[in-house]
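The block underneath contains the structure these notes are about, expressed in structure tokens.
In what follows, every chain begins at residue 1, and chains take the letters A, B, ... in the order their sequences are listed.
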Amino acid sequence: MKIFNIKDLSGKELGKITYLSEEKKFKIDFFSNDEAEKMTLLLEEYLSQGIKLIGDIYLDEPIKPDNPLFLSSAEEQLSRMGYIATYKKFDN
Amino acid sequence: MEREIYRSSDVENFPKKNESDLELGHRPGEEIGREIILEKKVKVIKDFFTSSFEEKFPFVEILNIEKGEEISKEDIEDFRNDEKERYEWFNERDYSEIKESFSQENIILLQEIIYFYTGMMGEITEGREVSKTIQRFIEEKKKLPKKFIELSNIPWKISSLISYYLTCSRVFCDDVNKEKLLKYFGEELREIKEENFLEEKETEQEFLIGGFEKLGSLTNIGIEFAKNALQFIPEEIIGKNIKSIKYEDIKKPLDKMYGINGDSAASYNPLNREVALYKVDTSNKGFFKSFYRLISHESAHSLDPRLIPQEKLSILEEIEMIIDWDKVKEEEESTSVYVRIIKNTDKGKEKNLKSIEDFAETVSSFLITPTLLKSKSPKRFEFCEKWFVRQFPEENFTKTGIDENGESLYYTRTIKPIKRHLKLMEKIEGIKS
């Protein structure tokens, strides 16, 4: 399990995301429903389609949840979307 | 003041002994014979790009023999192989556009750039302490006219290539000529500063954005997107290092040297200072919003020409940033995934690519999410702080926000220049937000 505190670029705290590594699922706990919905869509896309854009390239084979780089890639993607994901706790 | 003048444009003559009247090039402000010299310079540089390795480096063998040193054939062969490898590394780059772009004006400016870099590399060749030498030249560079700095950003590939070429010839120069050359470069630099002859009045130039109408029906990316993206980019970069951003509805395969199967999402062209974004997968809606991060990544690449490879590596060493790329494995989370997966069978190339892309990712992160960068990689954050202050002394970086240790967290940038650019963008054609 890995927990991230999520803030926007201005530093406003939006909530937290928990990644359940065994189930390969994200659990979203946000203060705002709108923000939670946006984040849900985003993370569902990562889980289903994988992460295709890294750096300034599109990968032919997206990074999917079974790839050890998935979580790091998801973190980076969130920062690309204007979120600040700060690692909070690792417990597995 | 009396001084001797040499000529480096005649490479075949340059290293020979007893030719103290060789002329390196025109003196600033000297008009007599300027056109003839200029033509020679154009020819030498054009020849350089069209000649073979053997034609470029004939002196490797000849000079040593002339100097009367006993050098074995094996030594010469080893040297030639080493140099050939380095040459091929340079040669893999696409210089076709460069070859055709030599105007006379560019040649004059290029010459000054070559002098500058060659002087630096010459000191290194002399065995001086590399980091101190580079640091001194960075300081020197800051004192040079703005126009010089700006122009030195454009043809960095040319300048680094040619300076390498000239340095090769200098390595085999006798001591007298070496001394003269160093003296020359020193005087040349002083004259550039004293006469300020390259200084030009700054003029406002249009910032161009194009092609985004093709995405209009599929996404909300358009002029608003570009405006938002530009807010993160320092004023010094916009309009100088980047003059346009365009979307091209094509796929652009990634260079094989990255060892990654995929297409380029964006690129920076230092020749026309243009950032290009390439065809998007419209089924993947998530990353549309992240497009602005691509702009910042490419902006960082636009800064790359400010550092020649040797300079960059030295700086990285200086700040103890990650330079042992073998340690950048999957579990090394402070390095971006992109940098981690770059692979090349040639470890030198891999290191160089990782260095370039890590720089872009680091600067991009610093511009958009400095707090995150600070928490993930304090060394990179520190590097950016120092680097940006050094590169953009006039940029208004203001720290706002305080963390639990009383340290500043966020950086805001002056709003005024952004507004100026937004005003300029109103002139842009074909943009419908």
Item to check | salt bridge (Lys or Arg N to Asp or Glu O under 4.0 Å) partners for B/E298, two or more places apart | outcome: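 Salt bridge (Lys or Arg N to Asp or Glu O under 4.0 Å) list for B/E298, sorted by chain: empty.
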Checklist entry - For A/Y58 and B/Y278, which heavy atoms make the closest approach, and how far apart are they? => result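 Of all heavy-atom pairs spanning A/Y58 and B/Y278, the closest is OH-O, 3.4 Å.
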Item to check | Side chain, backbone, both or neither of B/K252 within contact of chain A (heavy atoms, under 4.5 Å) | outcome: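 Neither; nothing under 4.5 Å.
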Checklist entry - What's the verdict on side-chain contact (heavy atoms from CB on, under 4.5 Å) for B/L294 and A/L53, showing C-alpha distance, side-chain angles and the deciding distance? => result CA-CA 10 Å; B/L294 284 178; A/L53 176 64; 4.2 Å; yes
Item to check | Which of B/A266, B/S267, B/A360 touches chain A most, by non-hydrogen pairs under 4.5 Å | outcome: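 Among the listed options, the one with the most contacts to chain A is B/A266.
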Next on the checklist: I'd like to know which of A/L71, A/I54, A/I57 tops the heavy-atom pair count under 4.5 Å against chain B.
Outcome noted: A/I57
Checklist entry - Is the backbone N or O of A/G55 less than 3.5 Å from a side-chain atom of B/E357, with the two atoms forming a donor-acceptor pair by type? => result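 Looks like no, no N/O pair under 3.5 Å.
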Next on the checklist: As a quick check of understanding, evaluate side-chain contact (heavy atoms from CB on, under 4.5 Å) for B/N261 and A/E61, giving each step before the final call.
Outcome noted: CA-CA 8 Å; B/N261 293 325; A/E61 291 180 21; 5.5 Å; no
Item to check | Chi angles and distances behind the side-chain contact (heavy atoms from CB on, under 4.5 Å) call for A/L59, B/I341 | outcome: CA-CA 11 Å; A/L59 295 170; B/I341 67 171; 4.0 Å; yes
Next on the checklist: Show, in sequence, the C-alpha distance, side-chain angles and deciding distance for A/E76 and B/S365, and conclude whether the side-chain contact (heavy atoms from CB on, under 4.5 Å) test is met.
Outcome noted: CA-CA 10 Å; A/E76 285 178 21; B/S365 182; over 6 Å; no
Checklist entry - Would B/Y338 and A/D56 count as having a side-chain donor-acceptor pair, cut-off 3.5 Å? => result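 The answer is yes; a qualifying pair exists.
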Next on the checklist: With a 4.5 angstrom heavy-atom cut-off, is it the side chain or the backbone of A/I63 that approaches chain B, or both, or neither?
Outcome noted: side chain
